[in-house]
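Down below is the structure, laid out as structure tokens.
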Amino acid sequence: STTFVNDVVIGTDATPCALLKPHEELVYDEKVYIGGMEDYDKMKRRLLSSDFYLTVFGTALTYATTSDVDVTKAFLEGGTLGILYVFMLEKQIDFMGSVEKALLFPLVSGPVRLLLIAYLSVSSVGFSEQRLLAPFALGFFMYKLAVIVAGVSKA
């Protein structure tokens with residue numbers, strides 16, 4: 001059987017990542033960590049910008065095809081809430097395992113994020129009439145399409 005020597009807590013601000021080798025001390029590779037964090041930051045920016053551009057394009061397309069200001073407004077509000085949802089989800093992931101940011105974690109946790117999005121959804125124009133529910137939902141779920149776009153783009 002293989003045993004690992006580890007007397008340090010992994011996943012904290014002091015030791016965010018580590019490489020464990022059998023019968024050796026904890027190894028922290030700063031280059032690997034910095035490279036991974038740069039890639040992660042690029043992906044976050046790509047995801048938010050993709051969501052933003054899809055929402056803007058979808059809003060323009062909605063107005064061009066329907067000429068209905070209320071439907072267009074419902075799509076835009078849904079898209080804006082989708083962007084907020086993705087931003088809060090990214091912040092929750094950023095705060096995981098961080099001792100310094102532990103007090104901020106509840107502000108972006110799953111239940112708080114879902115309650116905020118639910119409250120803002122119900123209080124928006126998208127829920128004022130039944131005909132506005134579909135464009136609102138399409139706008140909100142642009143974030144799902146943005147995940148695909150950001151995942152396949154190499155920018």
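Every value quoted in this text rests on a predicted model; they were computed, and no experiment measured them.
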So among Thr80, Leu84, Ile83, which one has a side-chain contact (heavy atoms from CB on, under 4.5 Å) with Asp51?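 With Asp51 as partner, side-chain contact (heavy atoms from CB on, under 4.5 Å) holds for just one option, Ile83.
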Same hydrophobic cluster for [X] and [Y], using side-chain heavy-atom links shorter than 4.5 Å among ILVMFWY?
| X | Y | result |
| --- | --- | --- |
| Tyr119 | Ile117 | yes |
| Leu114 | Leu120 | yes |
| Val56 | Leu48 | yes |
| Val86 | Leu81 | yes |

Residues 129-150 side chain polar contacts: donor-acceptor under 3.5 Å, at least two apart:
residue, atom, partner, partner atom, Å
Glu129, OE1, Arg131, NE, 2.9
Arg131, NH1, Asp68, OD2, 2.6

Which value, rounded to the nearest 0.5 Å, describes the distance between [X] atom [atom1] and [Y] atom [atom2]?
| X | Y | atom1 | atom2 | answer |
| --- | --- | --- | --- | --- |
| Thr62 | Lys73 | OG1 | NZ | 15.0 Å |
| Ser121 | Tyr85 | OG | OH | 11.0 Å |
| Arg45 | Leu47 | CZ | CG | 12.0 Å |
| Leu54 | Leu61 | CG | CG | 11.5 Å |
| Ser50 | Met43 | OG | CE | 9.0 Å |

Could you walk me through whether Lys44 and Asp41 pass the salt bridge (charged side-chain N to carboxylate O under 4.0 Å, His left out) test, one step at a time? CA-CA 5 Å; Lys44 287 191 316 183; Asp41 287 338; 3.6 Å; yes
Tell me every residue that passes side-chain hydrogen bond (donor to acceptor under 3.5 Å, both in side chains) with Tyr63, counting only those two or more places apart in sequence or in another chain.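 Tyr63: no side-chain hydrogen bond (donor to acceptor under 3.5 Å, both in side chains) contacts found.
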If you count every heavy atom of other residues, nucleotides or ligands that lies below 6.0 Å from Tyr53 atom OH, does the total exceed 12?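 No, OH of Tyr53 has 12 or fewer neighbouring heavy atoms, counting only those of other groups under 6.0 Å.
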